[in-house]
Amino acid sequence: MAHTLLSPVVRYFPAVASGFLLTLGFPGAGLFWLSFFALVPLWICLGTLPPAKGFKAGLVAGLTHFISLIYWLVPTLTNYGGLNVFLALATLVLLCLYLALYPALFAWIMARTRGPAGLEPLWGATVWVGLEFVRTHALSGFPWGVLGYSQYTNPLLVQMADLFGVLGISFVIVVCNGVVASAWPLIRNRKRFNKTWVALVCNLILPVLALGYGIYRLPQVKKEIAAAPPVKIAVIQGNIEQSQKWSPAFKTETVKRYGTLSRSSAPADLIIWPETALPFYYGRDSVFSSQVDDIVRQARSPFLIGSPAAELDGETVRYYNRAYMLNPMGFETGYYDKSHLVPFGEYVPFQDLLFFVKKITQEAGNFTPGTTGKKPLAFGGHSTGVLICFEILFPNIAREFVLNGADILTTITNDAWFGKTAAPTQHFAIAVLRAVETRRSLVRAANTGISGFILPTGEIKAATGLFEAAGLVRTVPALTRTSFFTRHGDLLGMAAILAIFLFFVVKGFKKFL
């Protein structure tokens, strides 16, 4: 009886171990080096499992990983979504079940197709990256937890992102996992040095090349930074509690706090307030809008300000998550509306079908996707691409802004929803890869933190703490050279999908013959 009960635990222990090791490599625990071994327990056990059981093992690993990675969804839903703890847990599990399908498919494919002897690491990396590419784009896309983000503090490895994006880093990590996993049975069976060993060792050329590229490229980018025109930017972190943010009685205090922090940080080439920093509709609420204009004129600086916006479309009122650019005289010179909204947070997808589903975070507003396009906002001879909150997860949005002329990227967000969990750090880490991919300085303004400045090398020049009011001022370089990744996009992800498709087509054709 005891053996029967323990059997599933023993069978899936490697999968559980891989799930936890994957999470430990991400911001929070921050043991980024563990990512290079995290998949090894799962990968080794796949060698003894049929595809169906391999799928289950991958599902267990994925569930373990994502539940421990995005656990912060539960307090967000209970504190701000109005859900009780059981419904919040159910929501977390359902989302993680979806995300776990990707490691499950990876495990199923690897259990079903071993690949040529010694080349399993390359095949495994192709499958993993192909699935991460799909997860980035499928449905609305939810690429939180893409493996490459675990390396945001690894200065040499992240440099290759300007060629292949964050998925290129994922590829290298999985290859390293595959080499260790494939070598393990050879070591156990005491196999002598043979063709399989030679092939496995050849796989290590890839991580060596990636690190070599980092050693070569990092000094080059630093030289470009030294020669680039400097831009003085201030980020204002108001630290307005979410429970007070939309309180009518707190509007005056909110504007006053942002005004005080802005005047103490001025003058600057640009002063940035976070996502929906204004708890009213700028331009429609004349009293508070005039107060904001006065602050801008007193600071004698251009301002980028996050605010909700409302516009009448016939008889329908449409709401937008907007960023306004104001010149030093307080006049609006442009705006950007968030186009990639958070499903169930900022809108309910398929409302006609899901009429019974309410938005999870009611305070966020029922927004309409923006139609302004990825047009950078100009200020003082420069222009910035503005990514609002969730949009920082999507490399193509940053690419489009840079291709349209942005020499600096900014991201404004309100991470107060997450409290003192690992989520704000995980969110900040994603911004590091956007800076390296596009080779642009990236400035981040967050209501409760983390706000900061990221150089085109991925180096974090300065950052605030969580839940502190701050005005942080730094000078960042405005680079104009366009990276390979910016010009061509996720070629690696598309190539991985094509390789998987061709592999199964060829295999099916051979089976037919």
Side-chain angles (χ1 to χ4, degrees), residues 23-30 65-85 87-96 99 140-146 149-150 152 235-246 254 273-277 279 306 321 338 340-346 359-365 367 387-394 411-434 442 444-452 454 460 463-470 472:
T23 299
L24 289 173
F26 278 85
H65 171 45
F66 287 110
I67 287 175
S68 57
L69 184 74
I70 60 173
Y71 67 92
W72 41 260
L73 193 62
V74 172
T76 298
L77 296 180
T78 53
N79 293 334
Y80 306 112
L83 300 185
N84 64 50
V85 68
L87 284 175
L89 283 168
T91 303
L92 173 67
V93 171
L94 284 173
L95 175 59
C96 291
L99 296 174
S140 174
F142 192 80
W144 199 289
V146 164
Y149 291 125
S150 65
Y152 84 107
V235 290
I236 308 301
Q237 183 170 301
N239 192 34
I240 309 297
E241 291 183 21
Q242 196 62 32
S243 59
Q244 296 176 318
K245 186 172 175 62
W246 302 108
T254 297
W273 291 6
E275 176 191 22
T276 58
N321 190 341
K338 184 178 182 181
H340 200 126
L341 303 177
V342 182
F344 302 105
E346 292 177 311
K359 287 194 307 87
I360 290 170
T361 49
Q362 296 295 328
E363 297 173 66
F367 290 112
L387 295 91
I388 301 178
C389 191
F390 190 58
E391 293 182 321
I392 197 67
L393 275 72
F394 300 95
T411 178
I412 59 175
T413 186
N414 176 26
D415 287 355
W417 311 100
F418 302 139
K420 293 183 178 179
T421 65
T425 310
Q426 293 170 7
H427 202 187
F428 188 88
I430 293 168
V432 171
L433 269 298
R434 295 294 87 81
L442 192 146
R444 187 176 197 264
N447 172 27
T448 55
I450 305 168
S451 302
I454 303 167
I460 300 167
T464 63
L466 283 174
F467 293 95
E468 61 180 32
L472 194 62

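Values reported hereafter were calculated over all heavy atoms of this structure, with side chains retained and with hydrogens, waters and symmetry mates removed.
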Residues forming a side-chain hydrogen bond (donor to acceptor under 3.5 Å, both in side chains) with Ser68, sequence neighbours excluded: Thr23
So, taking the atom named CD1 in Ile430 and the one named CG in Leu393, what distance separates them when rounded to the nearest 0.5 Å? 4.0 Å
Stepwise side chain to side chain contact (heavy atoms under 4.5 Å, CB included) check, Ile412 with Trp273: CA-CA 7 Å; Ile412 59 175; Trp273 291 6; over 6 Å; no
Report the residues that fulfil side-chain hydrogen bond (donor to acceptor under 3.5 Å, both in side chains) with Thr425, sequence neighbours left out, ordered by chain and then residue number. none
On a heavy-atom basis, which atom in Pro424 and which in Thr421 lie closest, and how many Å separate them? CD-O, 3.3 Å
Distance from Ile450 atom CD1 to Gln426 atom CD, nearest 0.5 Å? 10.5 Å
Counting distance only, does the side-chain N/O of Glu391 pair as donor-acceptor with the main-chain N or O of His340 below 3.5 Å? yes
So, does Gln237 use its side chain to make a donor-acceptor pair with the main chain of Ala470 at under 3.5 Å? no
So CZ of Phe367 and CG of Leu341: to nearest 0.5 Å the spacing works out to 8.0 Å
Is there a donor-acceptor pair closer than 3.5 Å between any side-chain N or O of Glu468 and the backbone N or O of Gly449? no
Asn447 side chain to Ile240 backbone, donor-acceptor under 3.5 Å: yes
Roughly how far apart are Leu466 CG and Asn239 CG, rounded to 0.5 Å? 9.0 Å
Determine, step by step, whether Ile70 and Leu99 satisfy the side chain to side chain contact (heavy atoms under 4.5 Å, CB included) criterion, reporting the C-alpha distance in whole Å, the side-chain angles of both residues, the deciding distance to 0.1 Å, and the verdict. CA-CA 11 Å; Ile70 60 173; Leu99 296 174; 4.0 Å; yes
Do the side chain of Ser451 and the main chain of Thr464 share a donor and acceptor less than 3.5 angstrom apart? no
Measuring from atom CG of Leu87 to atom OG1 of Thr91, what distance do you get when rounded to the nearest 0.5 angstrom? 6.5 Å
Using every non-hydrogen atom in the two residues, find where Gly238 and Ala469 come nearest and quote the distance to one decimal. O-CB, 4.0 Å
Once you round to the nearest 0.5 Å, how far does OG of Ser140 lie from CZ of Phe390? 5.0 Å
Using the side chain to side chain contact (heavy atoms under 4.5 Å, CB included) rule, take Arg434 and Ile454 through it: C-alpha gap first, then chi angles, then the decisive distance, then the call. CA-CA 10 Å; Arg434 295 294 87 81; Ile454 303 167; over 6 Å; no
Could you list the residues that satisfy side-chain hydrogen bond (donor to acceptor under 3.5 Å, both in side chains) with Asp415, not counting sequence neighbours? Thr413, His427, Arg444
Are any side-chain N or O atoms of Tyr152 and backbone N or O atoms of Phe428, one a donor and one an acceptor, separated by less than 3.5 Å? no
Of all heavy-atom pairs between Gly25 and Ser150, which one has the smallest distance, and what is that distance? O-CB, 3.4 Å
Using the ring pair (Phe, Tyr, Trp, His ring centres under 6.0 Å) rule, pick out the option among Phe66, Phe26, Trp72 that qualifies with Trp144. Trp72
List the atom of Ala422, the atom of Pro27, and the distance in Å for their closest heavy-atom pair. CB-O, 4.0 Å
Are any non-hydrogen side-chain atoms of Thr76 and Phe418 less than 4.5 angstrom apart? yes
